[in-house]
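Computed over heavy atoms, backbone and side chain alike; hydrogens, waters and symmetry mates excluded.
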Amino acid sequence: MKTIDELLAAGVTGTRVFVRADLNVPLDGTRITDDGRIRAVLPTVKALADAGAKVVVASHLGRPKGAPDPAFSLAPAAARLGELLGTEVAFATDTVGDSALATVDGLADGGVAVVENLRFNAGETSKDDVERGAFADRLAELADVYVGDGFGAVHRKHASVFDLPARLPHYVGFLIATEVGVLKKLTDDVQRPYVVALGGAKVSDKLAVIDELLKKADRILIGGGMAYTFLKAKGYEIGSSLLQEDQVPVVVEYIERAEKTGVELVLPVDALVGAAFPDLKTKAPANPTAVAADAIPADRMGLDIGPESRKLYASKLTDAATVFWNGPMGVFEHPDYAEGTKAVAQALLDSPAFTVVGGGDSAAAVRLLGFDENAFGHISTGGGASLEYLEGKTLPGLAALED
């Protein structure tokens with residue numbers, strides 16, 4: 001892969017540089033609740049602008065249905081990017097139409113523009129190569145050079161991620177270079193003991209990575225909603241907790257594999273339970289109770305790991321040399337069910353290990369719960385992309401950036 005350093009060394013004054021970023025930030029109306037992904041692409045955008053390039057930033061946001069939808073406009077992200085850069089950022093109200101062409105044409109050297117949500121165009125996500133390619137052709141009209149820096153999207157075979165690099169000279173941005181370097185430390189050059197903490201709601205989302213990690217990790221901690229499918233596979237009563245019944249046979253097989261191969265698989269020994277899922281808007285007190293993991297009442301659901309599990313999980317992280325964490329331990333958005341996630345985050349900070357927070361909800365939790373994100377070894381911007389990389393998959397957006 002050619003790097004952005006090579007591009008900058010060659011000179012970019014007056015060059016239109018298309019930066020495929022990941023500005024897919026969470027919104028409350030038009031208010032950005034977590035700007036981590038915008039801040040992550042700042043080094044690339046700033047370096048190009050400072051060098052005199054005309055920087056065209058593009059991204060998706062949310063899942064619009066291939067047509068404009070004001071609820072998914074990138075306008076708030078463009079405004080925040082301008083605030084962080086300390087300069088005006090132009091905003092095109094379309095992606096490849098008259099506004100985009102005029103906005104890019106009006107950029108001065110060192111200027112920055114953001115075009116509207118790529119997914120307002122059906123060609124961006126089309127499974128038809130011709131339709132996707134036709135959209136990539138129109139995107140290519142906006143630029144002379146392509147820089148890939150949207151790590152959170154590299155596992156998608158989308159026009160701006162996969163097809164566009166083939167149409168322009170292409171380079172890897174600072175963020176993607178960092179992300180790939182970190183992930184290689186989790187796959188090619190792992191310092192042991194290697195401990196993985198996995199959470200989140202659905203076990204089906206993590207089965208493929210667990211399958212791969214059973215070959216590589218020394219210890220795997222399981223939390224979040226997915227833990228209850230594991231507890232069910234052990235024959236435990238889990239009440240009304242989240243359960244993917246169809247995944248129980250696979251989980252049983254994974255538990256048996258872990259025992260045979262010597263991978264320590266750590267499950268919760270207790271849980272915080274409630275009568276119903278908590279109200280995340282009002283955050284009204286939920287009054288949870290702690291019960292043993294094998295004795296959750298039939299009318300209660302597990303919503304966080306319990307106090308004994310917190311101690312157990314922290315102890316299992318103390319001797320690690322490498323830690324990868326993906327997925328919260330409970331419903332961290334509610335204060336009554338945030339302690340499990342807090343405990344894992346604090347244990348990572350207390351550990352001398354190289355620690356990687358695997359994007360998505362884990363990264364959001366770190367910021368929401370008030371932790372200093374700079375204290376972790378690395379916080380990824382792409383949860384899904386990180387997992388697929390660890391699964392050993394070829395990521396289309398990375399393959400497209402190869403020379």
Side-chain angles (χ1 to χ4, degrees), residues 22 24-39 61-63 71-72 76-77 80 152 197-206 221-229 238-244 268 270-291 296 300-307 309-310 313-314 325-349 357-373 375-376 379-384 386-387:
D22 180 8
N24 185 28
V25 292
L27 294 173
D28 181 3
T30 59
R31 183 179 69 88
I32 296 171
T33 58
D34 182 356
D35 67 357
R37 284 177 170 166
I38 301 176
R39 286 186 285 110
L61 192 152
R63 295 180 181 273
F72 297 106
R80 182 57 179 154
L198 295 176
K202 295 182 178 180
V203 69
S204 56
D205 293 341
K206 302 290 198 304
L221 318 181
I222 302 292
M226 62 183 282
Y228 302 100
T229 299
I238 63 167
S240 59
S241 304
L242 183 64
L243 170 66
Q244 289 187 281
D270 61 350
L272 286 187
V273 301
F277 197 86
D279 189 325
L280 299 183
K281 287 192 174 181
T282 66
K283 299 205 169 41
N287 302 314
T289 55
V291 300
I296 298 175
R300 292 289 186 271
M301 63 174 62
L303 295 161
D304 193 15
I305 59 173
S309 298
R310 288 176 225 149
Y313 284 24
W325 172 34
N326 182 281
M329 296 293 107
V331 187
F332 71 93
E333 300 93 338
H334 193 286
D336 287 349
Y337 299 109
E339 293 303 316
T341 302
K342 280 184 182 178
V344 168
Q346 187 61 55
L348 263 65
L349 291 182
V357 180
D361 286 341
S362 306
V366 163
R367 290 186 275 266
L368 180 66
L369 298 175
F371 289 95
D372 178 6
E373 56 189 297
F376 297 87
I379 297 182
S380 178
T381 56
S386 295
L387 290 177

Could you list the residues that satisfy side chain to side chain contact (heavy atoms under 4.5 Å, CB included) with [X], not counting sequence neighbours?
X      : answer
Thr30  : Pro76
Gln244 : Lys202, Val203, Ser204, Thr229, Asp246, Gln247
Ala290 : Leu272, Pro307
Gln346 : Leu349, Asp350, Phe371

>> Do Leu27 and Ile32 make a side-chain contact, defined as non-hydrogen atoms from C-beta onward lying under 4.5 Å apart?
In response: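 Yes - at least one pair of side-chain heavy atoms lies under 4.5 Å apart.
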> Side chains of Leu242 and Met301: does their closest heavy-atom pair fall under 4.5 Å?
Replying inline: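 Leu242 does not reach Met301 side chain to side chain.
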Looking only at heavy atoms, what is the nearest atom pair of [X] and [Y], with distance?
X      : Y      : result
Ala271 : Ile296 : CB-CD1, 4.4 Å
Tyr228 : Ser241 : CG-CB, 3.6 Å
Lys206 : Gly199 : NZ-O, 3.0 Å
Asp34  : Ala364 : OD2-CA, 3.7 Å
Val366 : Ile379 : CG1-CD1, 3.9 Å

>> Suppose we screen for side-chain hydrogen bond (donor to acceptor under 3.5 Å, both in side chains). Which residues come up paired with Arg63, at least two apart in sequence or across chains?
In response: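 None.
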>> Checking Thr381 now: which residues fulfil side-chain hydrogen bond (donor to acceptor under 3.5 Å, both in side chains) with it, not counting sequence neighbours?
In response: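 side-chain hydrogen bond (donor to acceptor under 3.5 Å, both in side chains) list for Thr381, sorted by chain: Glu179.
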Taking only residues two or more places apart in sequence or in another chain, which ones pass salt bridge (Lys or Arg N to Asp or Glu O under 4.0 Å) with [X]?
X      : value
Asp372 : none
Arg80  : Asp35, Glu83
Arg37  : Asp22

>> Any side-chain to backbone donor/acceptor pair from Tyr313 onto Ile222? Under 3.5 Å, distance only.
In response: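 Present.
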> salt bridge (charged side-chain N to carboxylate O under 4.0 Å, His left out): which pairs involve residues 328-343, sequence neighbours left out?
Replying inline: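 Qualifying pairs: Glu339-Lys342.
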> Taking it one step at a time, do Val331 and Asp304 satisfy side chain to side chain contact (heavy atoms under 4.5 Å, CB included)?
Replying inline: CA-CA 6 Å; Val331 187; Asp304 193 15; over 6 Å; no
Which pairs would a plain distance check flag for residues 280-288, meaning a side-chain donor or acceptor within less than 3.5 Å of a matching protein atom at least two apart in sequence or in another chain?
from: Thr282; atom 1: OG1; to: Asp279; atom 2: OD2; distance (Å): 3.3
from: Thr282; atom 1: OG1; to: Ala284; atom 2: N; distance (Å): 3.3
from: Lys283; atom 1: NZ; to: Leu280; atom 2: O; distance (Å): 2.9

> Rounded to the nearest 0.5 Å, how far does CG of Asp205 lie from CG of Asn326?
Replying inline: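 So the gap between those two atoms works out to 9.5 Å.
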